[in-house]
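Notes follow once the structure below has been shown.
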Protein chains: 2
Amino acid sequence: MKKSDLSVSNLTKNFNEALILSILFLEPKHGYQIALEIEEKSEGLFKFNHGTLYPILHKLEKEGLIKGDWEADSPKRKRKFYAITSIGKKHMKNQYREWENLTNHFFNIIGEVNK
Amino acid sequence: MKKSDLSVSNLTKNFNEALILSILFLEPKHGYQIALEIEEKSEGLFKFNHGTLYPILHKLEKEGLIKGDWEADSPKRKRKFYAITSIGKKHMKNQYREWENLTNHFFNIIGEVNK
DNA sequence: GAAAATATATAGAGCTTCTATATATCTGAG
DNA sequence: CTCAGATATATAGAAGCTCTATATATTTTC
């Protein structure tokens, strides 16, 4: 089971994982679709390299936070749909609180530049 | 000159640099002191490994964002005091706006988990 | 006088992301 | 109908950053 610690040493990793898990909260989606939605919702600010995205999905599945299944309907076009698990939901809700805490402390410090 | 782009691929690096530059906005400080203040102000949440801190300071100095000078008063105890440069201030103010933009978009997406 | 805290520095291991490459299907323009 | 571009997944190797460990030396505290 994944540790819910949001360590500062791998912010990007935790950031990317949080985005993916949040996108899957609504409904199952496949990798390519996840990347597109994150890009759209962030107005082009967050872009996933596919070479980064897929290994993360594999890792999240291995950790039991998401579960992937190859599309049943069309056997030719291979698309793997990922659904967030109950463990994944619990983990992500906890992560949200940790991100809130982290950003609050962060802006408390860097807010100095506006004084 | 340093690019002010806040890329998602190295959030931790940008995060650490922002903390250091913000701490130096008030007055010049030496490395060890910077690490302590960040730890205090974050209530222990952000801790710098010294093996991480010093290389960052060297890099920021090389980029002209900070300027380091060995303490004049006590020649025995070696402490290098870093002051933020005008370029560093400008850079950091820009970074603040970019962090605001990034976190706004981020929480807009991960806020889904609370609905 | 000894231990702990202060203070800086670097080397090497480990992890993550990036770029590049490979493969294959589907869609739309011409 | 053909070809280009978009869709879709995957992995290998390069590059970059942080971590741990180690080294050195001074100052403070007991």
> Atom CD of Glu37(B) to atom C1' of dT6(C): distance rounded to whole Å?
Replying inline: 15 Å
> Between atom CZ in Arg79(A) and atom P in dC26(C), what is the gap in whole Å?
Replying inline: 10 Å
> Counting side-chain heavy atoms from C-beta on, which of dA8(D), dT10(C), dA10(D) comes nearest to Tyr54(B)?
Replying inline: dT10(C)
> Of all the nucleotides listed (dT8(C), dT7(D), dA10(D)), which has the minimum atom distance to the side chain of Tyr32(A)?
Replying inline: dT7(D)
>> Rounded to whole Å, please give me the gap between NZ in Lys62(B) and P in dA9(C).
In response: 15 Å
> Is the Phe15(B) ring parallel, tilted or perpendicular to the Phe106(A) ring (thresholds 30°, 60°)?
Replying inline: parallel
>> Just so I know, are the side chains of Phe107(B) and Glu100(A) near enough to count as touching, which here means a heavy-atom distance under 4.5 Å?
In response: yes
> Taking the side chain of His58(A) as its heavy atoms from C-beta onward, which of dT9(D), dT10(C), dT11(D) lies nearest to it?
Replying inline: dT11(D)
> Hey, do the aromatic rings of Trp70(B) and Phe81(B) have their centres closer than 6.0 Å?
Replying inline: no
> What's the CG-P distance between Leu60(A) and dT16(C), to the nearest Å?
Replying inline: 12 Å
>> On the nucleotide dA9(C), are OP1 or OP2 found under 4.0 Å from the side-chain N or O atoms that Lys80(B) carries?
In response: yes
> Is Lys89(A) close enough and on-axis enough to Phe25(A), meaning under 6.0 Å and within 45°, for cation-pi?
Replying inline: yes
>> Between C1' on dT17(C) and CD on Glu17(A), what's the gap in Å once rounded to a whole number?
In response: 13 Å
> Between Asn14(A) and Trp99(A), is any pair of side-chain heavy atoms under 4.5 Å apart?
Replying inline: yes
>> Suppose the criterion is salt bridge (charged side-chain N to carboxylate O under 4.0 Å, His left out): which pairs have a residue in residues 105-115 of chain B, not counting sequence neighbours?
In response: Glu112(B)-Lys115(B)
> Do Leu11(A) and Leu102(A) come within less than 4.5 Å of each other through their side chains, counting heavy atoms only?
Replying inline: yes
> dA8(D) C1' sits how many Å from Glu71(A) CD, rounded?
Replying inline: 11 Å
>> Just the rounded figure in Å: distance from P of dT9(D) to NZ of Lys59(A).
In response: 19 Å
> Nearest-Å distance, CD (Glu40(B)) to C1' (dT6(C))?
Replying inline: 14 Å
Output one line per pair: protein atom, nucleotide atom from nucleotides 18-20 of chain D, and distance, for all N/O pairs under 3.5 Å.
unit_1	atom_1	unit_2	atom_2	d
dT18(D)	OP1	Asn16(B)	ND2	3.4
dC19(D)	OP1	Ser9(A)	OG	3.1
dC19(D)	OP2	Asn49(B)	ND2	2.9
dC19(D)	OP2	Thr52(B)	OG1	2.7
dC19(D)	O5'	Asn49(B)	ND2	3.0
dT20(D)	OP2	Asn49(B)	OD1	3.4

